[in-house]
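A short worksheet on the structure shown next.
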Amino acid sequence: MLRCCAFLAALILAGFTAFEAHADRRVAFVIGNSEYRDIPALKNPDKDAEDVSKTFRLAGFQVFIAKDVTKLQFEEKFRNYLAAVDGADLAVVYYSGHGFQIGGENFLIPVDASLKDAADIEVQAIKLDDVLEQLRSKSKIQVIILDACRNNPFPRKDYWLRDQLIVSGDTGLAQVKSSLNTLIAFATEPGAVAYDGTGALSPFSSAFSRRALAPNQEIRAVMAAVRRDVVKATNGKQVPWENSSLVDEVVLMRHDEPEGQQVMVEQTQPASERALHITGAAEAIDNHGVSIPVGVGPVPLKLDFPTRDPAVSLKLASYPATGTLSLPDRTLSPESSLMADEVDHLRYEPQIGSAAPVEVGFQISAGKASKRATMKLSPSVDPCDQAAGAPLDLQGVAPGRQPNEIGGGAVESCETAVKAYPDVTRFRYELGRALLAAGKVDEARKAIQEAADKGHVRAVFELGYIAASGTGTAVDSTKANSLYSQASDKGDPYAMAAWGRALFNGLGVQPDTGKGLDLLLKAAAMGHINAMNDLALIFQEGRNGVPADPARALAFLRAGIERQGVYSMSILGLAGRSTQTVAVCKPKVVQKIVTKIKVVRIPTPRVTVPGPAKPPQNDPGPAPWRGSGGDHDRPSRPSGGSGDSGGDVGTPETDNTGTPEGGSSGGFDTVSSDGL
């Protein structure tokens, strides 16, 4: 009888550990903005975000959470999220906070937005369509859930939108056109207002957190249940609404997995032997601390668990604060359990952008015996990422370096990374950057081409730059523009800026001013400083039918300065200093700030093929994150469609370390004003 029970248990457990199945990659970004600076605070969004993020974690999602974010903080956190969501089965964005529409375009509002001037919406707010476009280019299914349909609290009502001044809507958000396999859910119907309610959570977020965990419910059924709850809670005043083009089923909380099921095994070992098993298992976990590389996928923990006794089970007592635990066939949630023979398959994937060590706690049990154990996991950035990562690379994991910051050891570090992680395409691209900085152009082009062929989007842009600049080859503007267009369609900020310039100015392509302007705005919205400077020149002068507006130009220069763009500062005469102060009769300081901008043309320098880059002396390590917008130390020829330089739009700029960046505009004189 005992052998029969053990054999039956083994058969059942074999089903539990059949790892041929693969867990879907599901990543959620949850944002809650409550503490607004220039308008009254909202009471619910911070709590909404905390509650909803726990809901997604319980459902087995990798979760990024951001509370009370400024525009700059949103840019950084959104880039980290996009790197994690690249290639995911399901991408979710949940937003609670202020949002409103302008001309049918929806904007989400960071906590530092003032929106006092007509140009502020472009530099201070987040366009929902930009978020959705990025998700479409990176994931199979997209879900956006918005608890943001509150009254517009800002006094100004007209804002610049592309080439027109548009009056904003008073209430609610506009309907969004979704592409295939997308669901967009609103806390209330288009144009209507959502309520904060009387509890700690909004009626919508409360209902969603409760209903989303219904086992095996398809998301459209979940949202129907949420709608019923909210209508009831608000006495019919608020009716949630969604627009769906889903063709695949989306189940948030799956319960067809074996985790948590208990196998009844008749005990054959004495209690003392079971206690030894548990003690040995706890020691294996307690003594296990490991550094886990970021951005290489789930990493096996290799615990070398000392027992496969089917009577031994483990339950997660504390889930890591960031990142995701998984088995090959499923993602684990904070309430997951696993059996002893599953432990050796345990994996951890650190969250991109998080460097703090995390702890994972287990409660190990066998019969009535039980013991607690904890392991520490430390995320680490690979030396190749540190040495040769690219700024604003949406598939990268590090702040990035300019070409002149790439030192002599970068090639060796990246060759090691490529060998260790042959399937991580990012390392091939970074090896190409390191080789290019070392003057090994042919080897660099080969590595970059391999990365582009395997799907690294920035590598496609880089090939366009090589073609446009004639680096080690003949200039080919047509090829450059084709590559820029491809990478732009995949959401790369550098490519959007380069392709936008080409279209706006007709550089080697039929002019399309509207699309070119739109792409430059999208690149600027992702933190591309050079695009901001180019837009400043366009708006200062008025070009190609775009109206001149010096205040709008100044808004983009301010945005560049906020991101520590040295050329933005030098345009305004602010390099190496902040604002000037002038003493007057009263003990008061008056700031002297820019309100006028005078364009001074600077001739574009000739292109030369660089020799090996000299590593900086006393290399301090990875450059600090500044949201830098440039990537190359020389401009392309004006007729070549402009690598990441401005062509007719402008000339090279220098980044924070004094390295020239491509694609900026001429010099400006400065005069006085009242606030930068």
Side-chain angles (χ1 to χ4, degrees), residues 102-105 107 118-123 127 129-130 133 158-166 461 464-465 468 477-526 528-557 559-560 571 597 599 601 604 629 635-651 653 662-666 668:
I102 302 173
E105 295 270 13
F107 290 86
D120 285 349
I121 197 73
E122 296 174 315
V123 295
K127 188 187 294 185
D129 277 354
D130 288 350
E133 279 189 30
D158 60 325
Y159 297 99
W160 278 111
L161 198 60
R162 299 183 183 89
D163 57 352
Q164 298 180 63
L165 273 171
I166 305 292
F461 161 82
Y465 173 79
S477 303
T478 301
K479 180 179 180 181
N481 283 334
S482 175
L483 291 164
Y484 291 157
S485 175
Q486 292 175 40
S488 176
D489 288 344
K490 292 291 186 180
D492 181 69
Y494 279 52
M496 288 190 290
W499 183 225
R501 294 187 194 106
L503 289 169
F504 188 86
N505 294 285
L507 301 173
V509 68
Q510 185 70 27
D512 188 336
T513 301
K515 184 174 180 180
L517 180 64
D518 198 44
L519 287 171
L520 285 168
L521 289 167
K522 291 177 187 294
M526 292 297 296
H528 197 294
I529 299 172
N530 296 339
M532 297 174 191
N533 293 333
D534 291 334
L535 289 164
L537 181 55
I538 290 170
F539 299 141
Q540 164 62 22
E541 295 183 339
R543 286 188 175 188
N544 299 347
V546 177
D549 186 333
R552 193 181 188 191
L554 187 58
F556 278 94
L557 291 178
I571 289 172
I597 306 172
V599 179
R601 294 294 182 189
T604 303
S636 62
R637 297 179 177 92
S639 61
S642 85
D644 196 23
S645 66
D648 288 346
V649 174
T651 55
E653 80 172 72
S664 223
S665 343
F668 297 89

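These figures come from a predicted structure and were not determined experimentally.
- Judged purely by atom type and a 3.5 angstrom limit, N481 uses its side chain to pair as donor or acceptor with the backbone of L507.
- Atom-to-atom distance recorded for Q540:CD and L557:CG is 9.0 Å, nearest 0.5 angstrom.
- Rounding to the nearest 0.5 Å places CG of L520 at 11.5 Å from CE of M532.
- Checking each of W499, F461, Y494 against Y484 for a ring-ring contact (aromatic ring centres under 6.0 Å, His included) leaves exactly one that passes, namely F461.
- One finds the CD atom of Q164 at 4.5 Å from the CD1 atom of I166 (value rounded to the nearest 0.5 Å).
- Heavy atoms only, all atoms of each residue included: A524 and L535 are closest at CB-CD1, 3.8 Å.
- By the salt bridge (charged side-chain N to carboxylate O under 4.0 Å, His left out) test, D158 is found to be paired with R156, residues two or more places apart in sequence or in another chain being considered.
- Residues passing the ring-ring contact (aromatic ring centres under 6.0 Å, His included) test with F107, sequence neighbours excluded: none.
- Looking at heavy atoms from C-beta onward, R501 lies in side-chain contact with N530 at the 4.5 angstrom threshold.
- The salt bridge (charged side-chain N to carboxylate O under 4.0 Å, His left out) contacts involving residues 481-497 comprise R458-D492, where partners must be two or more places apart or lie in separate chains.
- Considering only residues two or more places apart in sequence or on other chains, K522 meets the side-chain hydrogen bond (donor to acceptor under 3.5 Å, both in side chains) condition with D130, E133.
- Heavy atoms only, all atoms of each residue included: V509 and A502 are closest at CG1-O, 3.4 Å.
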Output a table of donor-acceptor pairs, distance under 3.5 Å, between side-chain atoms of residues 544-555 and any protein atom two or more places apart or on a different chain; print 'none' if there are none.
residue: N544; atom: ND2; partner: F504; partner atom: O; Å: 2.7
residue: D549; atom: OD1; partner: A551; partner atom: N; Å: 3.0
residue: D549; atom: OD1; partner: R552; partner atom: N; Å: 3.2
residue: D549; atom: OD2; partner: W160; partner atom: NE1; Å: 2.7
residue: R552; atom: NE; partner: E122; partner atom: OE1; Å: 3.0
residue: R552; atom: NH1; partner: R162; partner atom: O; Å: 2.9
residue: R552; atom: NH2; partner: E122; partner atom: OE1; Å: 3.3
residue: R552; atom: NH2; partner: E122; partner atom: OE2; Å: 2.5
residue: R552; atom: NH2; partner: R162; partner atom: O; Å: 2.4

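- Of the candidates T513, L517, L519, L519 is the only one forming a side chain to side chain contact (heavy atoms under 4.5 Å, CB included) with L503.
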Determine, stepwise, if the pair M496 / H528 fulfils side chain to side chain contact (heavy atoms under 4.5 Å, CB included).
CA-CA 10 Å; M496 288 190 290; H528 197 294; over 6 Å; no
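- Evaluation of the ring-ring contact (aromatic ring centres under 6.0 Å, His included) rule for F556 yields F539 as partners, not counting sequence neighbours.
- Residues G464 and L483 approach most closely at N-CD1, 3.5 Å, considering heavy atoms.
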